[in-house]
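Right, one structure below, let's go through it.
Numbers here simply count residues along the sequence, with the first being 1.
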Amino acid sequence: QVHLVESGGGSVQAGGSLRLSCVASGDTLSMGWFRQAPGKEREGVASFGSDGSTTYADSVKGRFPISKDNAKNTLYLQMNSLKPEDTAMYYCAASSTFIWPSLLEGRFNYWGRGTQVTVSS
C-alpha cells in the first residue's frame, strides 16, 4: 500500500508561483500530478514515467516543471506564471507498476487527497 500526502497549495495572485510537494510512503515506479477544477473533470498536469522521462499537459508546458527527490520519496511541481485558470484541487498520483509517462488517470493506482490552489486575477 502506498500513501501519498500533498502540500504546498494556497492562494496566490496571477503571475505568482507555488511549489507543490507530494511525499510517498511505499515503493512507486511512476508519479504524477493531476488537477480538478470546479465543474470539470480531473486532468493530467505532468508526470514521470518509470523510465524517468516526463510528460506535460500543453496548458502547463514551460510553466510547471516537475521534479523528484528519490532519496526523500518526494515529488514536486513548481508552478510559475500562475493563471486564474490554474485554480483547481491538485492531486498526486502514483503507480506501482511500470508505465511510460502518462496523463491518464487509469494508469495510476494510488492517489493523494489533494491540495487546493487558487489563483486570483
Side-chain angles (χ1 to χ4, degrees):
Q1 187 73 15
V2 174
H3 293 282
L4 305 173
V5 179
E6 304 99 332
S7 63
S11 296
V12 65
Q13 288 193 327
S17 297
L18 285 172
R19 188 195 196 200
L20 304 184
S21 300
C22 172
V23 179
S25 62
D27 294 330
T28 62
L29 292 180
S30 177
M31 294 181 73
W33 290 99
F34 288 74
R35 67 185 181 185
Q36 186 168 21
K40 295 188 176 181
E41 293 186 352
R42 189 155 57 183
E43 62 176 359
V45 176
S47 78
F48 276 102
S50 303
D51 63 343
S53 59
T54 57
T55 188
Y56 293 90
D58 288 343
S59 59
V60 306
K61 203 171 293 183
R63 297 191 298 129
F64 290 8
I66 190 173
S67 62
K68 57 182 177 175
D69 185 332
N70 291 330
K72 296 182 179 180
N73 252 9
T74 301
L75 181 74
Y76 301 99
L77 186 70
Q78 177 66 44
M79 301 190 296
N80 302 317
S81 302
L82 281 160
K83 305 175 182 180
E85 51 264 43
D86 295 318
T87 294
M89 183 72 78
Y90 283 72
Y91 297 91
C92 177
S95 171
S96 57
T97 59
F98 184 97
I99 62 172
W100 300 110
S102 175
L103 299 179
L104 299 177
E105 286 189 58
R107 300 295 173 88
F108 296 88
N109 51 341
Y110 297 104
W111 293 85
R113 292 191 173 186
T115 184
Q116 178 68 38
V117 171
T118 302
V119 184
S120 58
S121 57

Listed partners of Gln1 passing side chain to side chain contact (heavy atoms under 4.5 Å, CB included), at least two apart:
His3, Tyr110
Contacts of type side chain to side chain contact (heavy atoms under 4.5 Å, CB included), residue Ser67, not counting sequence neighbours
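Ser67 satisfies side chain to side chain contact (heavy atoms under 4.5 Å, CB included) with Tyr76 once adjacent residues are dropped.
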Would you say the side chain of Ile66 lies within less than 4.5 Å of the side chain of Leu75, judging by non-hydrogen atoms?
yes
Side chains of Val45 and Ser59: closer than 4.5 Å at any heavy-atom pair?
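Side chain of Val45 against side chain of Ser59, heavy atoms only: no contact under 4.5 Å found.
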Grouping I, L, V, M, F, W and Y whenever their side-chain heavy atoms are under 4.5 Å apart, do Val12 and Leu77 come out in a common cluster?
yes
When you group the ILVMFWY residues by side-chain heavy-atom contacts below 4.5 Å and let the links chain together, are Val117 and Tyr56 in the same group?
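As far as the 4.5 Å side-chain criterion goes, Val117 and Tyr56 are connected within one cluster.
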Output all residues satisfying side-chain hydrogen bond (donor to acceptor under 3.5 Å, both in side chains) with [X], sequence neighbours left out; order by chain, then residue number.
X      : answer
Tyr91  : none
Asp86  : Arg35, Arg63
Ser121 : none
Ser81  : none

Work out which heavy atom in [X] is nearest to a heavy atom in [Y]; give both atom names and the distance.
X     : Y      : result
Ala57 : Leu103 : N-CD1, 3.6 Å
Gly8  : Leu18  : O-CD2, 3.9 Å
Met31 : Cys92  : CE-SG, 3.6 Å
Thr87 : Gln116 : CG2-NE2, 4.1 Å

In Å and rounded to the nearest 0.5 Å, what is the OG1 to CG distance from Thr74 to Leu20?
12.5 Å
Taking ring-ring contact (aromatic ring centres under 6.0 Å, His included) as the cut-off, I'd like each qualifying pair that reaches into residues 10-29, sequence neighbours left out, listed once.
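Qualifying pairs, neighbours excluded: none.
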So the side-chain hydrogen bond (donor to acceptor under 3.5 Å, both in side chains) pairs with at least one residue in residues 16-33 (sequence neighbours excluded) are Ser17-Asn80
side-chain hydrogen bond (donor to acceptor under 3.5 Å, both in side chains) pairs, two or more places apart, involving residues 97-109:
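Every pair satisfying side-chain hydrogen bond (donor to acceptor under 3.5 Å, both in side chains) with a residue in residues 97-109: Arg42-Glu105, Ser95-Thr97, Ser96-Asn109.
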Any pair counted as disulfide bond (SG atoms under 2.5 Å apart), so long as it reaches residues 47-89, sequence neighbours left out
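Every pair satisfying disulfide bond (SG atoms under 2.5 Å apart) with a residue in residues 47-89: there are none.
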Ignoring hydrogens and angles, tell me if any N or O in the side chain of [X] forms a donor-acceptor pair with the backbone of [Y] under 3.5 Å.
X      : Y      : result
Gln13  : Ser120 : no
Gln36  : Ala88  : no
Thr115 : Tyr90  : no

Applying ring pair (Phe, Tyr, Trp, His ring centres under 6.0 Å), name anything that partners Phe34, two or more places apart in sequence or on another chain.
Phe108, Trp111
Kindly indicate, with the supporting measurements, whether the criterion side-chain contact (heavy atoms from CB on, under 4.5 Å) is fulfilled by Phe48 and Leu29.
CA-CA 9 Å; Phe48 276 102; Leu29 292 180; over 6 Å; no
With sequence neighbours excluded, what pairs up with Lys61 under the salt bridge (charged side-chain N to carboxylate O under 4.0 Å, His left out) test?
Asp58
